[in-house]
Amino acid sequence: KWAERLMVYYEKQQGEAHPDTLTWMNNLALVLGKLGKYEKALQLKERCYSLLCKAIGEAHPDTLAALSNLAVGYAYLSDIPKALAVEEKAYTLRCKVLGKTHPDTLCSLNNIAKNYHKTGNCRKALALAEEVYTLRLESLGEEHPRTISALQNLATIYRDIGDYGQGFQKTSKAYALCKKSLGEEHPDTLQLLADLAQACSDMGDKKAALALHQKAYTHFCKVLGEEHPNTIAAISHLAMAHDALGDYKTAYELAEKVYA
C-alpha cells in the first residue's frame, strides 16, 4: 500500500505525467505483479506507457523501457501473441535509438526469443537466443550474469528440441561460469545446478542426476529454507530421481514432504 499511497500523493501534488508520479506508478505495477495481481499491474503499465508517450515521445529510452515492461505484463497474463508484438516493437525502436548491441536492446531480443519458445516455435527461439548469447559474449564477456543467463536460456531450448548433448554441454558451462562469478550458493548458481541435474537425466545418466539433485536440494535448504518454492521444486525433482532408479520408498517419502 505504501507504493500506491506515494503514487497518489505525487499525482495530486505534481500531476499524473510528472516523472516522480510515473516512477511510483511503475513501482506499484512491479509490486502488484509480484503479488500475482497481473491484470491490475497491466492496467498501470498501459497507463504509464501512454503518459510517457505523450510527455517525452515514444522513442525516448524511458518510454521504450515502459513498452518492454508492458510486453512482460501481457506475457504474465499468457497473452503471448500480444507480448510478442509489443516486445518486437520495443526491439525495433531500441535498435534504432540505442543500437543493436545496447543491453536494453538485447534484453528485448531475449524476451522475444522466450516468447517464441512459449509459442512452441523453438527453431525461431533458438536462432534468436544464439544471437543474444553471441552479442552479450562480445559486449559483456562470458562471466557477466546476463551472458550466463543467455547461455542458460540457450541450453533450455536445446534440451526442449531434443538435442540433449548440446543442452548438457551448455548447461554445464553456464553452471561452471556462474559458480565462478557468483559463488556456489548463489540462487542463480543453484538453479543452474538443478538444470544440470535434469540435463544429466536427459542424457540417461540417472546416478549423476540423483547426486546433483541431492546437492541442489541440500543447498536450497541451506540458502533459501525448506519452504521456499525453489526448495520444494528441488524435493520434487529429487523424488523423481529416486523413482527413476527404482528407489520407490525414498521417492514416496520425499513426495510426501512436497504435499505435506
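- Using a distance-only test at 3.5 Å, with no hydrogens or angles considered, no donor-acceptor pair links the side chain of D243 to the main chain of A239.
- Hydrophobic clustering (ILVMFWY, side-chain heavy atoms < 4.5 Å, transitive): I235 and L210 are in one cluster.
- Atom OG1 of residue T218 and atom CG of residue L193 lie 9.5 Å apart, to the nearest 0.5 angstrom.
- We find the OH-CE distance between Y164 and M203 to be 10.5 Å, quoted to the nearest 0.5 Å.
- The hydrophobic clustering, which links ILVMFWY residues whose side-chain heavy atoms are closer than 4.5 Å, places V72 and L84 apart.
- Side-chain atoms of Q169 and K173 form no donor-acceptor pair, as typed in the model, at a separation below 3.5 Å.
- Using a 4.0 Å cut-off between charged side-chain N and carboxylate O, E87 and K114 make no salt bridge.
- Hydrophobic clustering (ILVMFWY, side-chain heavy atoms < 4.5 Å, transitive): Y217 and L245 are in one cluster.
- The distance from the CD atom of Q214 to the CG atom of L238 is 5.0 Å, given to the nearest 0.5 Å.
- We find that E58 and K89 are joined by a salt bridge, their nearest charged nitrogen and carboxylate oxygen being less than 4.0 Å apart.
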Apply side-chain contact (heavy atoms from CB on, under 4.5 Å) to residues R123 and I161 and explain how you reach the verdict. CA-CA 8 Å; R123 293 294 174 183; I161 63 174; 3.8 Å; yes
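- Considering every non-hydrogen atom in both Y158 and G167, the closest pair reads CB-N, 3.8 Å.
- In plain terms, the two heavy atoms of T147 and R136 that are nearest each other are OG1-O, 3.4 Å.
- In this structure, a donor-acceptor pair under 3.5 Å is present between the side chains of D247 and T250.
- Counted within 6.0 Å of NZ on K215, heavy atoms from surrounding residues, nucleotides or ligands total more than 12; the atom is thus considered enclosed.
- Using a 4.5 Å heavy-atom threshold, the side chains of V86 and K82 count as touching.
- Other residues, nucleotides and ligands contribute only 12 or fewer heavy atoms inside 6.0 Å of the OH atom of Y76.
- In this structure, T189 and G183 approach most closely via the heavy-atom pair OG1-O, 2.8 Å.
- Contact check on K257 versus E253 returns no salt bridge, with no Lys/Arg side-chain nitrogen under 4.0 Å from an Asp/Glu carboxylate oxygen.
- Once rounded to the nearest 0.5 Å, the distance linking OG1 of T171 with CD of Q166 reads 10.5 Å.
- To the nearest 0.5 angstrom, S181 atom OG is 9.5 Å from E142 atom CD.
- The aromatic rings of H213 and H237 are tilted relative to each other, their planes meeting at an angle between 30° and 60°.
- Proximity of N115 to T119: side-chain heavy atoms (C-beta onward) are nowhere separated by under 4.5 Å.
- Between S68 and S108, the shortest heavy-atom contact is OG-OG, 4.0 Å.
- Here the shortest heavy-atom pairing between A41 and G33 reads CB-N, 3.9 Å.
- Looking at K179 and H186, their side chains never come closer than 4.5 Å, going by heavy atoms from C-beta outward.
- Distance check, rounded to the nearest 0.5 Å: CG of L128 to CG of L154 gives 11.0 Å.
- Side-chain N or O atoms of T134 include one that pairs as donor or acceptor with a backbone N or O of E130 at under 3.5 Å.
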Taking it one step at a time, do F168 and D202 satisfy side-chain contact (heavy atoms from CB on, under 4.5 Å)? CA-CA 8 Å; F168 174 80; D202 292 339; over 6 Å; no
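- No option in L151, L192, L212 other than L192 meets the side-chain contact (heavy atoms from CB on, under 4.5 Å) test with Y175.
- Looking at R94, its side chain does come within 3.5 Å of a backbone N or O of D104 through a donor-acceptor pair.
- Criterion: ILVMFWY side-chain heavy atoms under 4.5 Å apart, direct or through other members. Under it, Y259 and L254 are part of a common hydrophobic cluster.
- Proximity of a side-chain donor or acceptor of S50 to a complementary backbone N or O of E46 within less than 3.5 Å is not detected.
- T63 contributes a side-chain N or O that, together with a main-chain N or O of G57, makes up a donor-acceptor pair within less than 3.5 Å.
- With hydrophobic clusters built from ILVMFWY side chains whose heavy atoms lie under 4.5 angstrom apart, L126 shares a cluster with I148.
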I would like to know whether H60 and L52 meet side-chain contact (heavy atoms from CB on, under 4.5 Å); could you show each step before the answer? CA-CA 9 Å; H60 190 281; L52 282 167; over 6 Å; no
Please report the C-alpha distance between H242 and K249 in whole Å, then the side-chain angles of each, then the deciding distance to 0.1 Å, and finally whether the side-chain contact (heavy atoms from CB on, under 4.5 Å) criterion is met. CA-CA 9 Å; H242 277 286; K249 182 176 182 295; over 6 Å; no
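- Between the side chain of T105 and the backbone N or O of G99 there is at least one donor-acceptor pair closer than 3.5 Å.
- E185 approaches L190 most closely through the heavy-atom pair O-CD1, 3.9 Å.
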